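What follows is a single structure, written as structure tokens, with notes after it.
Nothing here was measured: the structure is a model prediction, and the numbers come from that model.
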Amino acid sequence: MLPILYRDDHLVAIHKPAGLLVHRSELDRHETRFAVQLLRDQLGRHVHPAHRLDRGTSGVLVFALDRDTARQLGGQFEAQAVAKTYLAVVRGHPPEAGRIDHALTRRRDDAEWVGDETSDAAQPAITDFRRLATCELPFAVDRYPTSRYALVELTPHTGRKHQLRRHLKHLAHPIVGDATFGKGHHNRFFQQQFGCHRMLLACARMQLVHPVSGAPLDLRAPPDGEFAALLAALGWTSALPAGLQPSDPAAGQP
């Protein structure tokens with residue numbers, strides 16, 4: 001069963017687990033489990049995803065229950081009127097706070113149609129970040145005798161594909177567990193040392209306007225599972241923003 005964060009007659013929000021695709025993809029033809037299919041079967045009705053989360057990213061995922069609501073929700077996301085807060089564990093110690101203003105070239109799906117007027121020019125992309133906690137572990141994972149990591153809060157102001165993962169790589173503080181844009185030495189260290197096999201990126205909070213009632217919605221998905229267990233192991237649980245504390249970090253042990 002997918003954890004439901006919010007549901008009414010028009011939309012439903014779930015806490016998507018890491019490793020689950022939102023819908024069928026040409027890149028993962030062998031996969032048989034998708035959030036759209038699982039939620040449809042769970043609710044007994046069709047659902048329409050309002051946005052995307054990468055397969056390795058967990059957290060708030062919103063679906064519309066009818067086409068009109070889907071269209072209105074899609075408009076909010078396209079207008080960048082939805083506030084999103086992500087949590088990530090990164091390599092190194094980034095500055096206390098800052099803004100990454102770095103244009104990103106367009107990354108396409110294999111099945112995406114490309115017309116004559118479609119441009120591959122870099123698109124503006126902006127992410128704000130705030131450092132929440134740091135640690136230095138006595139392990140020589142790379143070329144240094146110790147290894148540094150940090151917990152960061154990320155606020156994207158644009159919605160480019162893989163924006164957060166690419167921006168953190170650009171900042172030279174890639175996300176731990178990211179097989180594409182991260183560092184293999186550090187990914188393997190977290191697997192071996194902490195039993196953490198996922199990408200440490202989660203959409204922990206999403207704020208939007210209900211497309212029918214006009215009421216503000218504040219959807220929250222505190223870290224759970226391997227993410228919560230890792231935060232507890234590093235002593236970072238108390239550094240999480242208010243409202244995003246796991247109810248029981250120990251319960252997140254895999």
Side-chain angles (χ1 to χ4, degrees), residues 1-25 27-28 31-88 107 109 127 153-165 175 177-178 198-212 215-228 240-241 243-244 246-247 252:
M1 298 283 285
L2 294 170
I4 293 179
L5 304 172
Y6 175 89
R7 182 185 177 184
D8 61 22
D9 292 336
H10 305 284
L11 60 86
V12 59
I14 67 167
H15 188 164
K16 185 188 87 68
L20 181 65
L21 289 165
V22 175
H23 47 63
R24 191 177 299 276
S25 166
L27 298 177
D28 297 275
E31 288 294 335
T32 58
R33 297 175 72 254
F34 315 95
V36 170
Q37 175 194 54
L38 294 175
L39 188 59
R40 178 197 66 197
D41 294 345
Q42 185 172 328
L43 300 181
R45 61 185 297 178
H46 287 291
V47 297
H48 309 268
H51 61 109
R52 290 185 178 187
L53 283 180
D54 289 345
R55 177 179 183 169
T57 306
S58 62
V60 181
L61 184 62
V62 180
F63 295 82
L65 297 178
D66 59 78
R67 293 191 181 278
D68 286 343
T69 302
R71 184 169 55 252
Q72 294 179 58
L73 281 173
Q76 285 191 53
F77 281 95
E78 289 176 13
Q80 299 168 10
V82 178
K84 306 171 210 173
T85 301
Y86 287 76
L87 296 171
R107 295 177 67 91
D109 296 327
T127 302
E153 179 185 85
L154 302 167
T155 305
H157 296 288
T158 49
R160 310 308 176 200
K161 189 173 183 180
H162 300 157
Q163 175 174 318
L164 299 180
R165 298 164 62 187
I175 297 171
D178 188 338
R198 58 159 293 175
M199 180 168 66
L200 290 168
L201 175 66
C203 180
R205 186 179 185 185
M206 188 173 291
Q207 296 163 281
L208 63 154
V209 174
H210 194 289
V212 177
L217 286 180
D218 190 347
L219 307 170
R220 306 188 190 197
D224 64 358
E226 288 186 358
F227 205 147
L240 291 169
L244 297 181
S247 55

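Residues L240 and P222 have side chains not in contact (no heavy-atom distance under 4.5 Å, counting atoms from C-beta outward). Counting only heavy atoms from C-beta outward, the side chains of R67 and H48 approach each other to under 4.5 Å. Using a 4.5 Å heavy-atom threshold, the side chains of L73 and L208 count as touching.
With hydrogens and angles disregarded, no donor-acceptor distance shorter than 3.5 Å links the side chain of Q72 to the backbone of V212. The backbone N or O of D68 lies less than 3.5 Å from a partner atom in the side chain of D66, making a donor-acceptor pair. Under the 3.5 Å distance criterion, the side-chain polar atoms of R55 are matched with a main-chain donor or acceptor of G19.
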- Task: Please step through side-chain contact (heavy atoms from CB on, under 4.5 Å) for the pair Y6 and M206, ending with a clear verdict.
- Result: CA-CA 12 Å; Y6 175 89; M206 188 173 291; over 6 Å; no

- Message: Checking R7 against L43 for the side-chain contact (heavy atoms from CB on, under 4.5 Å) test, could you report, in this order, the C-alpha distance in whole Å, the side-chain angles of both residues, the deciding distance, and whether it holds?
- Response: CA-CA 10 Å; R7 182 185 177 184; L43 300 181; 3.4 Å; yes

- Any chance you could lay out the side-chain contact (heavy atoms from CB on, under 4.5 Å) test for Q42 and M1, step after step, and finish with the verdict? CA-CA 7 Å; Q42 185 172 328; M1 298 283 285; 3.7 Å; yes

- Applying side-chain contact (heavy atoms from CB on, under 4.5 Å), run through L154 and L201 and close with a yes or a no. CA-CA 10 Å; L154 302 167; L201 175 66; 4.2 Å; yes

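Just one of R198, K16, E226 meets the side chain to side chain donor-acceptor pair (under 3.5 Å) condition when paired with S58; it is R198.
Residues D8 and H10 approach most closely at OD1-N, 2.8 Å, considering heavy atoms.
To the nearest 0.5 angstrom, T57 atom OG1 is 12.0 Å from L87 atom CG. The distance from atom CG of L65 to atom CZ of R45, rounded to the nearest 0.5 Å, is 4.5 Å. From L2, atom CG reaches atom NE2 of H15 across 11.0 Å, with rounding to the nearest 0.5 Å. Rounding to the nearest 0.5 angstrom, the gap separating the CG atom in L20 from the CG atom in D54 is 12.5 Å. Atom CD of Q207 is separated from atom CG of L217 by 10.0 Å, given to the nearest 0.5 angstrom. If you take CZ on R71 and CD on E78, they are separated by 11.5 Å, rounding to the nearest 0.5 Å.
Taking the six-membered ring where tryptophan is involved, the planes of H51 and F77 are essentially parallel, since the angle between them stays under 30° and well short of 60°.
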